Structure formats: C-alpha cells, structure tokens
Amino acid sequence: MDYFLNEDQQMIRDTARQIAEKRIVPVRAELDEKEQFPTEIIKVLAQADMFGLFIPEEYGGLGKGALELCIAVEELSRACLGVSTSYAANALGTYPILLFGTEEQKKKYLPDIASGRKLVAFGLTEANAGSDAAGIQTTAIKSGTEYVLNGTKQWITNGGEADIYTVIAMTDKSRGARGASALIVEKGTPGFTFGKKEKKMGIRASATCELVFDECRIPKDNVLGRDGMGFIVAMKTLDQSRTGVGAQGVGVAQGAFEEATNFARGRIQFEKPIISFQAIQHMLADMAIQIEAARALVYSVARFVDSGAKDITKASAIAKTFATDVAMKVATDALQVMGGSGYMRDYPLEKMMRDAKILQIYEGTNQIQRNVICQGLIKEFSRNK
Ligand code: COS
C-alpha cells in the first residue's frame, strides 16, 4: 500500500525505523527483563530531533503534526512498545501546554521539550479515578499567588523520569468536572515526590509510578487555560493523543506479523514449511487485512486532526479502539502461528503479546472509547434531525 507520504514524512519514517532496528531491537529483551528505562535511546531520539516533531518551529520544534508523530510512533512500537510508550507519553504530557499554554508558558517550556533536554509526563489518573476521570481527589487550593497541591496520582507514565508534569487537580470540588484545573509542576518543587514504582505485565522499559503531592506550592502562573478548565484540558489532550495510541497498535501488530511470517517460512512440519498450510496462510492473510485497515484508518484520522478540524473526539477514539483491538488480536494470532516457540522468551512474540494488552487499557479503555464514540454519534443524530 502507498500512503502517499511526502519526502519529509518518508524521512521521519526511515529515521525512526533505523533507530528502532539499530538501537532498540538489540536491547529490547534486556530492557524488558531488567525493567529499565531506555535513557540511552531517549538521547538518540533527541539527537534525531524526534522530540520536536510536533512542536512549532518558533519554539524549537520541526513544526510537523499528528501524522508525522504517528509515523514515528508506529516505527518505534514495531520494535518495542515500552520504548515507544516512553516517547509517546512525552507528547501526551506536552499537549496541555501546546493546546492551552500562554505564550510565556510555551516559550519557557517547549524549547527544552523539543530538544529532548526535558521529558514530560501527564498526571490525570488516581486510585479511584481512572475511567471516571472527573472523580479525581487531588486538590489544588488557591492561596495568595499560589496553588497548594495535595494528593496522589497513580500509574503515571514517565513518572520519576520526567522533569515537567502537567497535572489535573480539583480547585473546587463542589463543581465536579468544572472544578478541575490543569497545572504545570516541575520536578524538584518542594512537596512533590515520587511514590511506588509499578511492576507491570508489559511495556516494562517504560517507567510508571505515583506522583505524591504534600502541601506542594505551585505559582498561579503555572495554570493552563483558566481555573476550572482542567477537565476540558484533559479531554482535549486525550483527543489529540489517542490517534497516536492507534499508531502504537499498528506498530505492534506489524512487528508481531513479521515475526510470525518469518517463523512460518522457516518452520518445517510434515516435511514442509508451515506457511504452505492453508490454516496458517489464512491466519497471516487475516492479520495483513487488519493491519492495513488499521494503518489506513490511523493515517486518515491523523490527517483529519492535522486539517484543524474542530471536533476530533469521535474520530480519534475510533482510530484508537480499532487499531489497538487489532494489535491484541494480531499479537495473539501471531503467537499461535509460532506455537510453543512463540510462548518462549527466546522469541519477541511473548513480550509483544504482553505489551499489546496495555493498548486496550491506557488513555481510556476501549470500553470508554465506545462510550465516547456513541456520545459523538448521538450528537450527530440530534444535529441532523
Ligand atoms: N472535548 C471537550 N469537552 C469535553 C470532552 C472533549 N473530548 N469530553 C467531555 N467534555 C466536556 C463535556 O461536554 C462536559 O461539559 P459540560 O459540563 O459543559 O456539559 C464535561 O466535559 C463533562 O463531560 P461528561 O459529562 O461527558 O464527563 P463524564 O464524567 O461522564 O466522563 C468520559 C466522560 C468517560 C468520556 C471521560 O471521563 C473519559 O474520557 N474517561 C477516560 C479517561 C481516560 O482516558 N483515562 C486515562 C488516563 S490518562 S492516560
């Protein structure tokens, strides 16, 4: 399939692919085994300008958009979803600043993010507020020219590794979703520490930990958008980011498919390579159909996002849901093609299948995505009535 990528986009794909093959594939099993954050690979990605892809040129970035980010994310995910999650979570944490930051905030933070000198994380989830994002309990109470943050964020990707955190907290609990605000919190601020480091089923190269705020004072200049806009900041951020999770799904599925195909060509049973059996051929064909459909959808939604469309909520949820369900299905079937070998840690499929599962969970479970999609449909029905 030709997706008519322009020269820049092809160059981004080739650069990300080269980094994936030369720097990520050789160490992915070790990073997974040791649950080790990919510090060296992050430096390589920074040197290749990968952190600046989606950041406007006036703030030191390359001024590209969602499609370019998806292309890079897909290639990294094809090699290792743990590494790609560390990279993509940086974009998730940056979107609140890009979408809602003042000129001063953008000038202060974006150049360091674009160069990869500083990593970012997004802090929304809490122990009792996952799918029910408006149920967060962390508070940010105004006190003079500051906000005083108290509470704990859970399962924060890049937690501990990032220098900048975009955090959603309640400034007025009585107002529900309309009482939340988004704040920029820097590592090292007194009262801000890191809690439990999580031990995960997959994406073990990525860092996941708690953010603990105890009487942590944040200047009011660090609020993003207006006071009370935190839930909208979070939702618009997720709208922007979910297509990229879809791209992660395409990458994982592609990687799993390639492993299974190579294996099926070399594995001899009944005196023939198993790829000559129709049962295997049909499984591989179904994988190819699903991957191509997912890629076509993710790229076209990314182009839709880049067109400046106002309402991308439903489209990005569709891309995320379809492509990540494909990733799980393809990883599972690819492992089945490889049989006992796929189940062993000697091959990367075992890790790919463990990794794939998170895609149906993070940035909103695929059940929540279906709610979001249906809300969009209801809005459209009533508009067209
Ligand atoms: N863009 C702009 N505004 C949005 C929005 C969006 N995508 N989604 C919701 N809103 C607005 C609504 O219009 C509503 O505004 P009003 O109060 O002015 O009517 C407000 O936000 C509250 O919306 P809603 O009532 O739909 O919120 P709910 O509490 O029912 O939650 C879901 C909605 C389930 C969609 C939301 O909580 C969600 O996305 N959950 C998953 C969160 C997630 O992805 N977690 C992963 C953690 S980050 S890795």
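Start at 1 and go down the list; that is how both ligands and their atoms are numbered. Note that this is a predicted model, so its numbers are computed, not measured.
Atoms of ligand 1 found under 4.0 Å from any heavy atom of Gly130, numbered from 1 in the order shown, are 42 (C), 45 (N). The Thr313 neighbourhood of ligand 1 comprises atoms 7 (N), with distances under 4.0 Å to a heavy atom of that residue.
Here the two rings, on Phe4 and Tyr299, have centers that are 6.0 Å apart or farther. Between Tyr87 and Phe51, a ring centre-to-centre spacing shorter than 6.0 Å is recorded. For Phe54 and Tyr95, the gap between ring centers is short of 6.0 Å.
Ligand 1 has no atom lying under 4.0 Å from any heavy atom of Lys320. In this structure, Asn371 does not count as a contact residue of ligand 1, since none of its heavy atoms falls inside 4.0 Å of the ligand. Under a 4.0 angstrom heavy-atom cut-off, Phe231 registers as being in contact with ligand 1.
Of the protein's heavy atoms, Asp239 OD2, 2.9 Å lies nearest to atom 7 (N) of ligand 1. Looking from atom 41 (C) of ligand 1 to the surrounding protein, the closest heavy atom is Ser131 O, 3.5 Å. The nearest protein atom to atom 8 (N) of ligand 1, hydrogens excluded, is given as Met235 CG, 3.5 Å; this is a heavy-atom distance. The shortest contact between atom 3 (N) of ligand 1 and any protein heavy atom is with Ile232 CD1, 3.5 Å. In terms of protein heavy atoms, atom 35 (C) of ligand 1 is closest to Val372 CG2, 3.6 Å. The protein heavy-atom contact nearest to atom 29 (O) of ligand 1 is Ala134 CB, 3.8 Å. When hydrogens are left out, the protein atom nearest atom 2 (C) of ligand 1 is Lys236 CE, 4.0 Å; that is the closest non-hydrogen contact. The shortest contact between atom 18 (O) of ligand 1 and any protein heavy atom is with Arg178 NH2, 2.5 Å.
Of the polar atoms of Tyr362, none of the N or O atoms is found under 3.5 Å from an N or O of ligand 1, judged by distance alone. When only interatomic distances are considered, the shortest N/O to N/O separation between Thr125 and ligand 1 does not fall below 3.5 Å. An N or O contact shorter than 3.5 Å links Gly364 to ligand 1 by distance. Looking at Asp132 next to ligand 1, no N or O pair under 3.5 Å apart turns up. Taking distance alone, with nitrogen or oxygen atoms compared against 3.5 Å, Arg242 approaches ligand 1 more closely than that limit.
Judged purely by distance below 3.5 Å, without hydrogens or angles, the side chains of Thr171 and Ser181 pair a donor atom with an acceptor atom.
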Under the side-chain contact (heavy atoms from CB on, under 4.5 Å) criterion, do Asp286 and Met283 qualify, and how do the steps go?
CA-CA 5 Å; Asp286 280 337; Met283 283 174 88; 5.8 Å; no
Checking salt bridge (charged side-chain N to carboxylate O under 4.0 Å, His left out) for the pair Lys34/Glu30: CA distance, chi angles, key distance, verdict?
CA-CA 6 Å; Lys34 295 185 175 163; Glu30 190 186 343; 2.8 Å; yes
Chi angles and distances behind the salt bridge (charged side-chain N to carboxylate O under 4.0 Å, His left out) call for Asp355, Arg28:
CA-CA 12 Å; Asp355 287 350; Arg28 64 185 171 189; over 6 Å; no
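Within a 4.0 Å radius of atom 26 (O) of ligand 1, the protein contributes no non-hydrogen atoms. Atom 32 (C) of ligand 1 lies below 4.0 Å from none of the non-hydrogen atoms of the protein. Closer than 4.0 Å to atom 12 (C) of ligand 1 lies none of the heavy atoms of the protein. Shown here, atom 38 (C) of ligand 1 is in close reach of the protein: a heavy atom of it lies under 4.0 Å off. Protein heavy atoms are found inside the 4.0 Å sphere centred on atom 45 (N) of ligand 1.
In this structure a side-chain-to-backbone donor-acceptor pair under 3.5 Å is present from Gln105 to Asp221. Put simply, the side chain of Gln369 gets close to the backbone of Glu363: a donor and an acceptor are under 3.5 Å apart.
The distance from atom CD of Gln278 to atom CD1 of Ile275, rounded to the nearest 0.5 Å, is 13.0 Å. The CE atom of Met50 sits 7.0 Å away from atom CG of Leu45, with the distance rounded to the nearest 0.5 Å. With rounding to the nearest 0.5 Å, the separation of CG in Leu5 from CD in Glu68 is 9.0 Å.
The environment of CG in Asn128 is sparse: at most 12 heavy-atom neighbours from other residues, nucleotides or ligands sit within 6.0 Å.
Glu75 pairs in a salt bridge (charged side-chain N to carboxylate O under 4.0 Å, His left out) with only one of the listed residues (Arg17, Arg23, Arg295), which is Arg17.
In Thr365, neither the side chain nor the backbone holds a heavy atom less than 4.0 Å from any atom of ligand 1.
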